[in-house]
Amino acid sequence: MTDITHRQDIDQLVAAFYTKATTDPTIGHIFTEVAKLNLEAHLPVIGDFWESVLLGNMVYRGNPMRKHLALARKTALQGEHFEVWLGLWEETVRELFAGEKAELAIFRARNIGRLMLHKIKVMEEYK
């Protein structure tokens, strides 16, 4: 098994992850019914995000925190949702890749998930 080294690797990873996430019984509805995610449009954007994070090619232009806070205003995003998301992400990374960048993908996703959940909780406190 090889490490994540190219954009094609990231595209493979995010496509495999979203196949799992959108059909998951706990979080799938958030993607399909609440966010009404258009995967054809979303996958290149999330690919840009992970390419920036993992490969250092600063191609992502956006604010994922703002988008997830807006999503949290539409539906309750709980710790359980983030745990499932992180579990599916780690499972997908480990099925496809091994190495430093693969471990970084898992580490960064955990940190991003914790930060998002914290900001969502703070936002809810000030409603």
Side-chain angles (χ1 to χ4, degrees):
M1 204 175 301
T2 62
D3 201 0
I4 299 167
T5 58
H6 299 92
R7 174 58 186 250
Q8 294 84 355
D9 298 333
I10 291 168
D11 290 342
Q12 178 187 10
L13 172 61
V14 297
F17 167 75
Y18 277 95
T19 296
K20 292 178 183 186
T22 57
T23 58
D24 182 82
T26 302
I27 64 171
H29 74 282
I30 297 170
F31 296 99
T32 60
E33 296 169 26
V34 180
K36 297 182 175 144
L37 199 59
N38 174 342
L39 283 178
E40 188 175 321
H42 184 66
L43 289 179
V45 173
I46 199 68
D48 285 351
F49 173 81
W50 284 107
E51 180 177 350
S52 297
V53 169
L54 299 175
L55 303 180
N57 303 330
M58 303 313 288
V59 293
Y60 178 72
R61 305 282 184 256
N63 186 333
M65 190 62 67
R66 183 176 24 176
K67 292 180 185 212
H68 287 83
L69 290 173
L71 184 60
R73 288 184 187 96
K74 293 181 179 181
T75 190
L77 296 178
Q78 305 294 325
E80 175 189 16
H81 299 123
F82 283 89
E83 288 302 317
V84 170
W85 173 76
L86 289 168
L88 291 173
W89 178 257
E90 182 172 346
E91 174 184 291
T92 307
V93 170
R94 293 196 189 287
E95 285 173 355
L96 299 173
F97 302 100
E100 184 179 322
K101 296 292 185 185
E103 292 304 315
L104 180 61
I106 293 166
F107 176 78
R108 293 297 301 271
R110 286 180 185 154
N111 287 340
I112 291 165
R114 281 188 209 110
L115 181 60
M116 281 186 183
L117 184 57
H118 171 73
K119 288 193 174 210
I120 288 167
K121 286 180 180 181
V122 168
M123 179 186 72
E124 290 174 354
E125 288 176 15
Y126 290 100
K127 277 186 181 181

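As the structure is a prediction and not an experimental result, all values here were calculated from the model.
Between N57 and S52 the shortest heavy-atom distance is O-OG, 3.0 Å. Across all their heavy atoms, Q78 and L117 have their closest contact at C-CD1, 4.0 Å. Summarising the geometry of V93 relative to A105, their closest heavy-atom pair is CG2-CB, 4.3 Å, with the distance given to 0.1 Å. A pairwise comparison of heavy atoms in P64 and F49 identifies CG-CE1, 3.9 Å as the closest pair. The two residues E90 and R110 come nearest to each other via the heavy atoms OE1-NH2, 2.8 Å. For L77 against H68, the heavy-atom pair with the smallest separation is CD1-O, 4.0 Å.
In the hydrophobic clustering of ILVMFWY residues, with side-chain heavy atoms under 4.5 Å counting as a link, V59 and I10 come out apart.
Taking 4.5 Å as the limit, every side-chain heavy atom of M1 sits out of range of all side-chain heavy atoms of R94.
Residue H6 places its NE2 atom among 12 or fewer non-hydrogen atoms of other residues, nucleotides or ligands, all under 6.0 Å distant.
D48 and R7 are joined by a salt bridge, as a carboxylate oxygen and a charged side-chain nitrogen come within less than 4.0 angstrom of each other. A salt bridge between E103 and R108 is absent, with no side-chain N of the basic residue lying under 4.0 Å from a carboxylate O of the acidic one.
M116 CE to M123 CE: the interatomic distance, rounded to the nearest 0.5 Å, is 12.0 Å.
Within the 3.5 Å criterion, the main-chain N or O of A102 finds a donor-acceptor partner in the side chain of D3.
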Show the atom names and distances, to 0.1 Å, of all donor-acceptor pairs under 3.5 Å that link a side chain in residues 19-27 to residues at least two apart or in another chain.
{"unit_1": "T19", "atom_1": "OG1", "unit_2": "A15", "atom_2": "O", "d": "2.9"}
{"unit_1": "K20", "atom_1": "NZ", "unit_2": "E91", "atom_2": "OE2", "d": "2.8"}
{"unit_1": "K20", "atom_1": "NZ", "unit_2": "T92", "atom_2": "OG1", "d": "3.3"}
{"unit_1": "K20", "atom_1": "NZ", "unit_2": "E95", "atom_2": "OE1", "d": "2.8"}
{"unit_1": "K20", "atom_1": "NZ", "unit_2": "E95", "atom_2": "OE2", "d": "3.1"}
{"unit_1": "T22", "atom_1": "OG1", "unit_2": "Y18", "atom_2": "O", "d": "2.7"}
{"unit_1": "T23", "atom_1": "OG1", "unit_2": "T19", "atom_2": "O", "d": "3.0"}
{"unit_1": "T23", "atom_1": "OG1", "unit_2": "K20", "atom_2": "O", "d": "3.2"}
{"unit_1": "D24", "atom_1": "OD2", "unit_2": "T26", "atom_2": "N", "d": "2.8"}
{"unit_1": "D24", "atom_1": "OD2", "unit_2": "I27", "atom_2": "N", "d": "3.0"}

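Between F17 and W85, the angle of the ring planes goes over 60°, which puts this pair in the perpendicular group of the 30/60° scheme.
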